[in-house]
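Worksheet: one structure, shown below.
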Amino acid sequence: MNTFPLFFKLEDRKVLIVGGGDVALRKADLLSRAGACITVLAPSISHEIQALLSDSKHALIYENYNKTYMTDSRVIIAATDDEMLNHQIHADATELNIPVNVVDTPHLCDFIFPAIVDRNPIVIGISSNGKAPVLARLLRARLETLIPQGYGKLAKLAGEFRGEVKAKIPTLTGRRQFWERVFEGKVSQLMFSGNENEAIAQLQTDLDNTAANITAKNATDESTEAQNTMGEVYIVGAGPGDPELLTFKALRLMQQADIVYYDALVSPQVLDLCRRDADKVFVGKKRSNHAVAQLGINELLVNSAKEGRRVVRLKGGDPFIFGRGGEEIESLRSHNVPYQVVPGITAANAAASYAGIPLTHRDHSQSVRFVTGFLKAGAPNNNFKSFLNTDETVVFYMGLHSLPRLTEGLIDAGRSAKTPIAIVSNASMPNQQVLTGTLANIVELQAQHQLPTPALLIMGDVVSLHHDLAWYNLHNQQYNENISETDNNWLRGGPATTPKPNPNQQAHALSMIANLATEDGGLEQLVID
């Protein structure tokens, strides 16, 4: 962020506005709502300002600018159309260490007036750092339609009960969970519907019941108490990296978590959406480099839940596709820890979609297989003879480091060296890159271009569609394919002798059969036919 959002307390504080026209009027109107004592300094002051600031707490000074009027000011606003004067006001305020805003001159502003959504005492400020104020106002207008006026009344009600809640619910976690129930439950519904008295009564009832449960809980033995304070674990798929690809449920649970255990593939943008005051613990695993072993992660999840905490296990992609989510919930079940699983967009789906490579296509591929390049304990996946079906797309997870072994093994097993293959790096992110080639030349192309991890491989005839269907972040794409293969691709207007499928062929239904299994040869895969 270029500026840090702060909320100034200006009630009964002096604010100096230099200027007496329409711009000064707009700033004075905002500042008066915050309870500021406003001094307007200008040789001519509009009638509108005079009417707005008629209260005796404000002062109107009909004089030219003088530095002495800055004394005791909390903030200063320069709202004149005199550029030299505005620079002088900025210099004088800076010398006195008083924050100053020179209207419509971002480089002379110590602070910026945001576009404001006012649900007093809830206040939302939106700023573009002076780059696009019209856009900030449009965003404010959108938020105005999404946030009911009742939120302000709900916040005031919470303020009135805050002391009593603190007295009756001794722990910080208990109070937070109580308020979450209030704000997401019947109390808020009553307030939003205008039944303020009923909302107050409901809040009092909820608080009394919670306090009674705490008293009863304290009277039980330790084993019962530990059972009653059990937390919950949320196994959440964080998707491929783009935060906009998160599900609503994932975002909601991430905002509720007391502690977050996150993987190396979770992007910083996604991690930023977790609750700000939640503990965030890195337990990432990369090839041959595990920050915490899987058994250790299982133990962390169980212990944190037994402490009564709400735990998010945040995984890149989907928890149940090469994410070890199944191993973690087996551990949770064995310790009677409640859990939820939230699916995420797996890397294969994201990489294919953002690279313009359909995983299935009636003319090219009737099934797709998700395969890991390495099995448990790092053993390589060498079952190459199962990948000879040319009507199938194969996606290799964790295959970039073993690319030479995979391509050589596939060719030796009988797969054509001309088979198209793509490397998709950082799928869905701004730095996404796509490298295409064939089994014969992809190793050499990767040696030249050095696409980084995280990356996966997509093999099959559908890769030939990439150059026509690619849509995302094209300026970062690296197109490297065998030219002769391109010339003979019927989709790109190849020779008339190239056989083309009948475009009027009858559409056939694709049955989606998901089967996670381990083949006889030890192949861990997901097959969708």
Side-chain angles (χ1 to χ4, degrees), residues 1-140:
M1 61 183 76
N2 294 327
T3 55
F4 190 81
L6 296 172
F7 291 87
F8 278 79
K9 286 186 176 181
L10 295 179
E11 188 169 4
D12 297 328
R13 300 290 187 92
K14 177 184 175 181
V15 174
L16 175 64
I17 300 177
V18 183
D22 290 341
V23 175
L25 174 63
R26 292 198 299 270
K27 303 307 180 186
D29 182 35
L30 284 173
L31 293 165
S32 64
R33 297 182 198 180
C37 298
I38 301 171
T39 296
V40 177
L41 174 63
S44 176
I45 300 175
S46 70
H47 294 296
E48 291 81 3
I49 293 179
Q50 295 176 35
L52 176 68
L53 304 181
S54 58
D55 193 293
S56 60
K57 70 186 291 185
H58 307 300
L60 304 179
I61 303 175
Y62 295 83
E63 296 181 11
N64 290 320
Y65 167 72
N66 189 306
K67 178 181 178 180
T68 58
Y69 289 111
M70 289 187 174
T71 304
D72 298 328
S73 294
R74 185 68 180 87
V75 296
I76 296 169
I77 315 299
T80 82
D81 55 5
D82 185 331
E83 185 175 351
M84 291 185 62
L85 177 57
N86 287 340
H87 276 81
Q88 185 60 52
I89 295 169
H90 174 267
D92 292 342
T94 301
E95 182 181 346
L96 295 173
N97 290 320
I98 302 173
V100 60
N101 175 281
V102 179
V103 179
D104 291 333
T105 313
H107 69 279
L108 295 181
C109 293
D110 294 325
F111 64 95
I112 295 172
F113 280 88
I116 295 172
V117 178
D118 187 359
R119 299 290 185 268
N120 185 38
I122 301 296
V123 179
I124 301 172
I126 306 164
S127 172
S128 67
N129 288 297
K131 305 298 184 184
V134 173
L135 178 58
R137 289 197 293 272
L138 289 173
L139 291 174
R140 183 202 67 186

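All residue numbers in this chain count up from 1 along the given sequence. Only heavy atoms go into these numbers, but all of them, side chains included; no hydrogens, no water, no symmetry mates.
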Do Asn101 side-chain atoms and Cys109 backbone N/O form a donor-acceptor pair below 3.5 Å?
no
Taken to the nearest 0.5 Å, the spacing of Gln50 CD from Leu25 CG works out to 11.0 Å
Looking only at heavy atoms, which two atoms of Pro133 and Ser128 are closest? And how far apart?
N-OG, 3.5 Å
Do you know which two heavy atoms are closest between Ser127 and Ile112, and how far apart they sit?
OG-CG2, 3.8 Å
Please output the side-chain donor-acceptor pairs of residues 90-98 that fall under 3.5 Å, not counting sequence neighbours, one pair per line with the distance.
unit_1, atom_1, unit_2, atom_2, d
Asp92, OD1, Gln88, NE2, 2.8
Asp92, OD2, Tyr65, OH, 2.6
Asp92, OD2, Gln88, NE2, 3.2
Thr94, OG1, His90, O, 2.8
Glu95, OE1, Lys67, NZ, 3.1
Glu95, OE2, Lys67, NZ, 3.3

Check: Thr71 main-chain N/O paired with Lys14 side-chain donor or acceptor under 3.5 Å:
yes
Give, for atom CG of Asp55 and atom CD1 of Ile38, the distance between the pair rounded to the nearest 0.5 Å.
10.0 Å
Heavy-atom nearest pair, Ala42 first then Gly19, reads CB-C, 3.7 Å
CG of Leu41 to CD of Glu63: how many Å apart, nearest 0.5 Å?
7.0 Å
From Arg13 atom CZ to Ser73 atom OG, the distance as rounded to the nearest 0.5 Å:
12.0 Å
Please determine whether the number of non-hydrogen atoms from other residues, nucleotides or ligands lying under 6.0 Å from atom CG of Asp104 exceeds 12.
no
Shortest non-hydrogen pair, Arg140 vs Ala115, comes out as CB-CB, 3.9 Å
Check whether any side-chain heavy atom of Leu53 sits under 4.5 Å from a side-chain heavy atom of Ile45, and report yes or no.
no
Dump the intermediate steps for side chain to side chain contact (heavy atoms under 4.5 Å, CB included) on Met70 and Ile89, then the final yes or no.
CA-CA 9 Å; Met70 289 187 174; Ile89 295 169; 3.9 Å; yes
Calculate, to the nearest 0.5 Å, the distance between atoms CG and CZ belonging to Leu30 and Phe113 respectively.
6.5 Å
Once rounded to the nearest 0.5 Å, what's the spacing between atom CD1 of Ile49 and atom CD1 of Ile17?
7.0 Å
I would like to know whether Asp12 and Lys57 meet side chain to side chain contact (heavy atoms under 4.5 Å, CB included); could you show each step before the answer?
CA-CA 8 Å; Asp12 297 328; Lys57 70 186 291 185; 3.6 Å; yes
Using the rule side-chain contact (heavy atoms from CB on, under 4.5 Å), only one of Ile77, Ile76, Val75 pairs with Pro99; which is it?
Val75
Of all residues at least two apart in sequence or in a different chain, which pass the ring-ring contact (aromatic ring centres under 6.0 Å, His included) check with Tyr62?
none
Considering residues, nucleotides and ligands other than Asn66, do more than 12 of their heavy atoms fall under 6.0 Å from its CG?
yes
Is a salt bridge present between Asp22 and Arg26, judged by a nitrogen-to-oxygen distance below 4.0 Å?
no
Measuring only between side-chain heavy atoms, which start at C-beta, is His87 closer than 4.5 Å to Val102?
no
